[in-house]
Structure formats: C-alpha cells, structure tokens
Amino acid sequence: MHWIIELPDGTIKEYDKPVSPADVAADISSGLLKKAIGAEVNGNLWDLKRVMPEKAKLRLILEKDYEAPIFYRHTFSHILAQAVMRIYGEKNVKLAIGPVIEDGFYYDFDLGDVKLSEDDLPKIEAEMAKIVKENLPVERFELTKDEAINFMKEKGQLYKVELVEELDDEKISFYKQGDFVDLCKGPHMPSTGRIKHFKLLSVSGAYWRGDEKNKMLQRVYGTAFAKKSELEKHLAMLEEAKKRDHRKIGPQLGLFSFSYEYAPGMPLFHPKGTVVLNELMKFSREMHIQDDYQEVITPLIMNIDLWKKSGHWDHYRDNMYFTEKEGQEYAVKPMNCPGHILIYKSGSVSYKDLPMKFFEFGKVHRYERSGVLHGLFRVRGFLQDDAHIYCTREQIKEQIKGVISFVDRIYSPFGFEYRAELSTRPEDFMGEIEIWDIATDALRDALESTKLRYKVNEGDGAFYGPKIDFHVRDSLGREWQCATIQLDFLMPERFNMTYIGPDNQEYRPVMIHRAIYGSLERFFGILIEHYAGAFPTWLAPIQVKVIPIADRHNEYAEEVAAELRNAGIRIEVDTRTKSTNYKIRDAQMQKVPYMAIVGDKEIDAKTVSIRLRTGENLYGIKLNSFIARLTEEINKRQKNSIFKS
RNA sequence: GCCAACGUAGCUCAACUGGUAGAGCGGCUGACUUGUAAUCAGCAGGUUGGGGGUUCGAGUCCCUUCGUUGGCUCCA
C-alpha cells in the first residue's frame with residue numbers, strides 16, 4: 001500500500017501508511033495544520049482526519065476559504081442538536097434535518113409536546129458553548145444500510161430511519177461527537193471547539209420535508225463565523241437591516257401604508273410614495289422607448305375562456321381572483337401575456353414586423369396565502385414592468401443579448417451589483433428538444449458575450465422554456481431576484497400564433513417574457529432598504545425643503561419656493577413657527593436631500609444657504625446657480641449629490 | 001393555511017406576584033422670532049385589537065376570534 005498525494009502546486013508527497021489531510025498538513029508545517037479546517041480531496045469536500053484514497057489530489061481548506069463555513073456551520077448544527085438533546089433528554093428529541101444555509105445553519109426537531117420559544121435560545125446557546133469548550137473530537141464512521149436502519153431504530157430516531165431507507169449508498173456515514181451521533185454525509189470540522197463563534201437567531205415552525213401535509217417540526221436557526229469580528233459584523237448587518245426595514249421606514253416617510261383590515265397584501269401608496277413610483281415608471285418608459293418597445297394597455301379583467309386557453313386555468317387557478325356578471329365568468333389577470341397575445345393576433349404579422357416588442361405597466365393580482373405576505377416584498381396586487389418580445393428562432397440570441405444589456409442600463413442609476421442565473425430544461429418539459437437546445441444555447445451564448453457573472457441551475461427552468469434570472473445585491477450585501485427573461489414555446493403554440501415568412505408560408509414565432517424591475521412594489525421596497533430611505537435626488541419625494549429662519553423671512557422663502565417649483569423641482573416650505581434647529585432636524589429625519597435656509601443675510605444678498613442631508617453647508621449660493629446645478633443632478637439621475645466633489 | 005411569539009394613545013414604550021391605565025415624542029393652543037439635528041408652558045388623546053369566561057376586582061389568568069412578526073425553498 002502506497003499513498004501518493006498531489007498538492008495544488010503540483011508537489012507529490014508519498015507515504016507508505018494511510019494518511020489523512022491532517023497528516024499531510026502536519027507534514028508540511030504545524031502552522032498549516034492549525035489553520036486547516038477541512039480539505040478537498042479529488043474534488044470532494046473531505047474531513048481533515050479522514051483517511052484519503054491511495055491516489056489523491058489534496059487541497060487543504062483554511063478558515064478563510066469560502067468552503068470553510070460548510071464545515072463549521074454543519075458542525076454547529078450538530079452541536080445545536082446535541083445541546084437540545086442534553087437539555088430536553090435524548091428520548092424526547094427526534095432529529096429531522098440540520099443543513100448549512102446561506103449565512104448560517106438550522107436544525108429541525110420533533111420535541112413532542114415541548115414548545116420552544118425565543119426565550120429558550122440563551123439556555124440552548126449556553127449548552128452549545130459548553131460543548132464547544134469540551135472540544136469533543138468529531139469522528140466519522142460507516143455502517144451498511146441495514147445496520148444504519150437498525151441503529152437509528154434502536155435510538156428511536158424515526159425521521160432518520162426514513163432518510164436512511166431512501167439512500168442507495170452501500171456505506172452510510174455517521175458522525176459522532178461525545179455522546180451524540182447523527183446520520184450525516186459531512187463534512188465536519190475536526191472537533192467541536194475548532195471554531196467558537198456562533199449565535200442562535202430564531203425559532204420557527206417548519207414542516208417535515210417542507211410538505212404541509214406532514215407534521216410541523218420546530219426549527220432553530222443560527223449562524224457561525226470563523227472570526228469573532230465576522231460574527232459581530234454579520235449581527236450588526238442584521239441590526240442595520242432591521243433599522244432599514246421598508247415596512248417601518250415607508251410609513252415613517254409617508255410613502256405608503258397598509259390597511260390590514262380591508263386590503264391585506266395590497267399597499268396604499270401615499271402622495272410621496274406615488275412620486276417615487278412615478279419617477280421609476282418615467283425612467284423605465286424613457287428607456288423602453290429608446291429600446292424600441294411599444295407601450296400597450298390591456299384589460300384587468302378578461303373572460304375565463306382566455307385563461308383556459310392560456311393554460312392559467314389549469315396551472316394557476318388557485319392563485320387567481322374571479323368575478324361573474326351576466327352569467328359570464330371573468331378572471332382578474334395574474335399575468336399580462338394573454339392580453340399582449342390578443343394584440344399580436346388582432347392582425348396578420350409579417351416576418352418584417354418581427355421582433356415585435358410590447359411593453360406594459362401591467363397591474364396583476366395573485367392570491368397569496370395570508371401567511372406569506374410581507375410588506376411590499378410579497379403582495380397580492382402589483383405592477384409589473386412587463387414586456388413580451390415576439391421574434392423568429394433566429395432572432396432569439398440577439399434579442400436576449402438586447403434584454404441583458406437593457407437590464408444593465410435600467411439598473412445603472414441605482415448602484416446595484418447583480419449577477420445572473422441560467423435555468424435549463426427540466427424533466428417535464430414541453431415542446432421539441434431541438435428548440436430547447438437552440439434556446440438554451442442562445443441564452444448561454446448571450447450571457448457569455450457579456451462580462452456578467454452567472455451560474456447554471458440545470459433542470460430548473462419552467463416547463464415551457466428556459467430562463468435567466470437576475471439577482472441584485474443591495475447596500476447591505478443582501479440579494480434579491482428582480483429581473484427575469486423567460487423563453488416560451490408553449491404560449492405561441494396554444495394561441496396558434498403565426499407570422500408570414502418571406503416564402504409566404506406561416507411560421508410560429510418565439511415569445512420572450514421579460515421584466516426588469518420585476519414588481520414595482522417590490523423594487524420600491526428594495527430601494528427603500530438599499531438607500532435606508534435617503535433616495536437620490538431624482539427619486540426623492542421632496543427634493544428641497546425651504547426653511548425660513550423666522551416669520552419675517554416667510555415671504556422670501558415663498559419667492560424662493562416659487563422659483564424652484566417653476567424649475568420643476570419638488571419642494572416644501574416649512575413656515576411653522578418653530579426653531580431653525582427643529583425644522584432642520586425634521587427635514588433630516590425625512591431624508592430630504594437639500595435644505596434651502598433663508599434669513600436676513602440671504603434676503604440682503606438674494607441668495608440661499610444650502611444644507612445637504614449629509615450635513616455639509618454651502619453658504620450664499622445664488623438661487624439660479626443652485627437651480628441650474630440641481631436640475632442637472634436630477635436630469636442625469638445622479639447617484640450622489642452634484643454639490644459634493 | 002400551519003407552528004411559535006407578540007398586540008396598551010398617531011409613534012416608541014411603562015404599569016411588582018390580579019388592586020385607581022402612565023411617560024416621552026407627535027398633535028392642538030399660547031408665549032417665544034429663533035442661523036444649521038428637538039424653545040418653554042398648557043390642553044386634548046385609551047372600551048388595553050374584538051368577543052366570551054374565571055374573580056369582590058382583569059392590561060395582567062383561561063377560551064375564542066382578528067391582526068402583526070419570524071419561519072414553513074436550502075434535504076443525511
């Protein structure tokens with residue numbers, strides 16, 4: 001027996017006894033062993049102390065590597081389970097699953113009659129801290145399937161029995177730390193004390209296997225990081241996110257409210273919120289016109305037969321609202337595509353008309369279960385910046401490329417980073433494989449031809465076509481799915497859409513669905529949190545607050561206001577008999593970008609003093625110069641103040 | 001819909017183990033006429049989400065209902 005281990009730099013290490021990554025690390029340097037938390041062996045994540053195959057390519061994974069959290073967060077989920085078992089008694093705890101998730105981990109438990117609440121978290125955390133301190137070695141062992149089933153049956157772990165029964169592997173792996181054993185494919189860190197920084201975040205209900213027909217389990221969420229400073233940074237981010245919550249800031253800034261009683265899941269936009277939405281639409285409209293879209297408006301309510309034809313009745317009925325008059329049944333539209341198709345089909349279409357690009361700010365209604373509603377992020381009625389591109393197969397690639405660059409232009413004033421995901425043909429697809437291949441290649445080629453980062457979700461496309469989704473990253477590093485580009489081969493089929501080719505024969509067009517903001521409501525919510533309510537000037541509901549120092553300055557303040565208003569700038573004048581400090585504070589809290597402060601000096605010199613919401617002051621500015629520069633900032637939709645250089 | 005927590009003035013939050021519902025901010029009125037993040041004083045504001053029960057007595061305990069929040073997608 002001879003172990004030949006290749007390191008990433010090409011170095012070959014040879015041993016005549018079985019070696020684990022830890023052995024090799026120790027062989028290189030004791031410092032390296034200290035920093036290593038796991039390994040990658042022949043492309044698989046591997047425990048530090050697990051013996052490697054005789055021929056292996058080894059890469060050690062250090063605390064700072066991006067795979068490291070997979071190791072320690074997974075171990076923390078086991079530590080969590082172990083702590084819960086110690087506290088509530090091994091017999092009373094049935095373990096379900098405990099995976100690593102983005103930024104943390106969770107574990108699902110069946111605790112019988114015991115109900116966990118957030119108040120129990122400190123107690124569980126304390127027990128976890130003890131387990132960390134005990135620094136128990138984490139050991140891997142394997143059983144055959146039968147052994148594994150019996151083993152889990154003996155322990156009364158029925159959920160685990162169910163999981164094992166579904167596995168096909170010959171050998172089933174388990175991990176043990178002290179008195180705790182769990183079915184697990186790993187990998188884990190070498191001992192429970194290797195990384196110490198964790199925090200439990202919340203408890204909630206979760207169905208066994210995510211299916212509401214199954215028993216509701218209790219889920220505990222937690223997070224862990226290699227460094228204390230990283231954990232603290234993450235917790236601070238969660239705090240900041242809480243402060244920026246659009247459900248809180250929105251009403252505070254007078255943007256919108258909800259009438260939970262009368263219109264659940266449907267926001268009421270107040271005057272200031274409406275200004276922001278209108279600016280978003282104005283910008284979008286300008287861009288669409290530049291990109292050769294034609295705007296349309298289609299009915300909110302249409303006969304049910306249309307929805308039967310489109311397939312929505314069969315596939316989407318549970319999410320639709322219905323109404324009835326004169327014995328006719330109607331549905332409130334959940335999507336805009338059928339309406340656009342009716343326009344397409346209202347006359348005959350030549351290949352010369354393609355691509356045809358219809359765009360609509362389409363209000364759609366979708367029933368969502370009450371429990372999933374969430375501020376502006378998940379609503380029952382929303383406005384989509386929806387468009388459908390009808391084109392030939394040959395035009396697909398060029399059109400997709402066009403949309404991708406369009407997405408970039410729409411996102412650019414907001415300062416979002418974003419990335420894409422390509423979802424390919426699922427198992428239960430519709431249509432011909434060759435079209436799928438053409439379309440998928442077109443999407444892939446289009447993505448490749450841009451510098452955009454993207455990942456592929458194999459088999460994750462809709463049954464009617466492949467798609468590209470865009471995820472924007474906000475100022476707190478959170479990601480949100482907004483834009484989507486979907487190819488659709490089904491709808492043109494169902495509606496028997498055609499165009500006349502150069503040979504005077506009928507052909508089937510391809511349909512591309514796409515939205516850029518996605519939902520205006522949701523995008524608005526994301527922007528509120530992204531900017532923490534401090535919108536760039538072009539979006540700000542009030543762009544300038546005119547503040548007279550004392551009553552005798554009101555008249556001049558009104559003159560200043562009139563000139564600003566004439567220049568198309570959104571203003572308010574604060575003539576309340578309050579102190580200057582008070583009025584400035586109020587404007588600051590409302591996140592107004594500019595305050596124009598006027599008193600005796602300004603009246604004498606015919607100027608204004610400008611305070612930016614960031615606190616800087618510019619004294620003695622000529623009004624026309626202020627208006628000119630501000631107008632430029634607004635017209636260019638600048639991210640930052642033009643008055644800061 | 002399901003599990004858990006929560007629901008007191010417009011907002012933020014008090015009210016010991018059941019014993020007279022309170023404060024700050026905001027609002028209104030008055031005084032002050034203010035120079036870059038809260039001037040002072042007074043007044044109003046509540047069926048403690050709704051309904052029912054236990055009790056001499058319920059914001060507090062129990063039941064029920066409505067709503068909000070965290071989750072219910074991440075698969076050993």
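Among the heavy atoms of the strands, none lies under 4.0 Å from A/Leu217. Heavy atoms of A/Arg552 sit under 4.0 angstrom from primed sugar atoms or phosphate atoms, though from no base atom. A/Val164 comes within 4.0 angstrom of nothing in the nucleic acid, heavy atoms only. A/Lys160 comes within 4.0 angstrom of sugar-phosphate atoms only, judged by non-hydrogen atoms across all strands, and of no base.
Distance check on atom C1': B/U60 versus B/U20 gives 15 Å, rounded to whole Å. Going from the P atom of B/A38 to that of B/C74 covers 50 Å, rounded to whole Å. Look at the C1' atom in both B/C72 and B/A37: the space between them is 43 Å, to the nearest Å. B/C13 and B/G7 are spaced 11 Å apart, taking the P atom of each and rounding to whole Å. Nucleotides B/G18 and B/U65 are separated by 26 Å at their P atoms, to the nearest Å.
Distances shorter than 4.0 Å separate none of the side-chain N or O atoms of A/Arg378 from OP1 or OP2 on B/C72. Residue A/Tyr221 places at least one side-chain N or O under 4.0 Å from the OP1 or OP2 atom of B/C72. Close to B/G70, at under 4.0 Å from its OP1 or OP2, lies a side-chain N or O of A/His374.
Sequence order on RNA chain B of the closest nucleotides to A/Met595 and A/Leu183 puts A/Met595 first from the 5' end.
Below the 3.5 angstrom threshold, one finds no donor paired with an acceptor across the side chain of A/Glu368 and the base of B/G1. A/Tyr619 contributes no side-chain N or O that forms a donor-acceptor pair with the base of B/G35 under 3.5 Å.
Taking a pair to require two hydrogen-bonding distances under 3.5 Å in either a Watson-Crick or a G-U wobble arrangement, B/C16 remains unpaired. Across all strands shown, B/G35 has no partner, as no Watson-Crick or G-U wobble contact with both distances under 3.5 Å is found. Figure legend. B/A41 is base-paired to B/U29; pairs are counted as Watson-Crick or G-U wobble with both atom distances under 3.5 Å. Under the Watson-Crick and G-U wobble criteria, each requiring two contacts below 3.5 Å, nucleotide B/U54 is left unpaired. Figure legend. B/G7 is base-paired to B/C66; pairs are counted as Watson-Crick or G-U wobble with both atom distances under 3.5 Å.
Taking a 6.0 Å sphere around CD of A/Glu102, one finds it holds 12 or fewer heavy atoms contributed by other residues, nucleotides or ligands. Within 6.0 Å of atom CD in A/Glu555, 12 or fewer heavy atoms from other residues, nucleotides or ligands are found, so the atom counts as exposed in its surroundings.
A/Asp110 places its CG atom 14 Å from the P atom of B/C3, with the value rounded to the nearest Å. Here the P atom of nucleotide B/G10 and the NZ atom of A/Lys248 are 18 Å apart, to the nearest Å. Going from atom CG of A/Leu116 over to atom P of B/C6 covers 14 Å, rounded to whole Å.
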Collect all protein-nucleotide pairs involving nucleotides 37-40 of chain B in which both atoms are nitrogen or oxygen and the distance is under 3.5 Å.
{"unit_1": "B/A37", "atom_1": "N7", "unit_2": "A/Arg611", "atom_2": "NH2", "d": "3.2"}
{"unit_1": "B/A37", "atom_1": "N6", "unit_2": "A/Gln588", "atom_2": "NE2", "d": "3.2"}
{"unit_1": "B/A38", "atom_1": "N7", "unit_2": "A/Arg585", "atom_2": "NE", "d": "2.9"}
{"unit_1": "B/A38", "atom_1": "N7", "unit_2": "A/Arg585", "atom_2": "NH2", "d": "3.2"}
{"unit_1": "B/A38", "atom_1": "N6", "unit_2": "A/Arg585", "atom_2": "NH2", "d": "2.5"}
{"unit_1": "B/A38", "atom_1": "N1", "unit_2": "A/Arg585", "atom_2": "NH1", "d": "3.4"}
{"unit_1": "B/U39", "atom_1": "OP1", "unit_2": "A/Ser579", "atom_2": "OG", "d": "3.4"}
{"unit_1": "B/U39", "atom_1": "OP2", "unit_2": "A/Ser579", "atom_2": "OG", "d": "2.8"}

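The closest side-chain donor-acceptor pair between A/Gln177 and A/Asp182, if any, does not fall under 3.5 angstrom.
For A/His188 and A/Tyr175, the ring centers are positioned less than 6.0 Å apart. Aromatic pair A/Phe225/A/His234: centroids less than 6.0 angstrom apart.
Contacts of A/Asn42 classified as side-chain contact (heavy atoms from CB on, under 4.5 Å), with partners at least two apart in sequence or in another chain: A/Pro53, A/Ala56, A/Lys57. Take A/Lys123 and apply the salt bridge (Lys or Arg N to Asp or Glu O under 4.0 Å) test, not counting sequence neighbours, and it matches A/Asp120.
Contact check for A/Leu111 versus A/Asn92: no side-chain heavy atoms found under the 4.5 Å cut-off.
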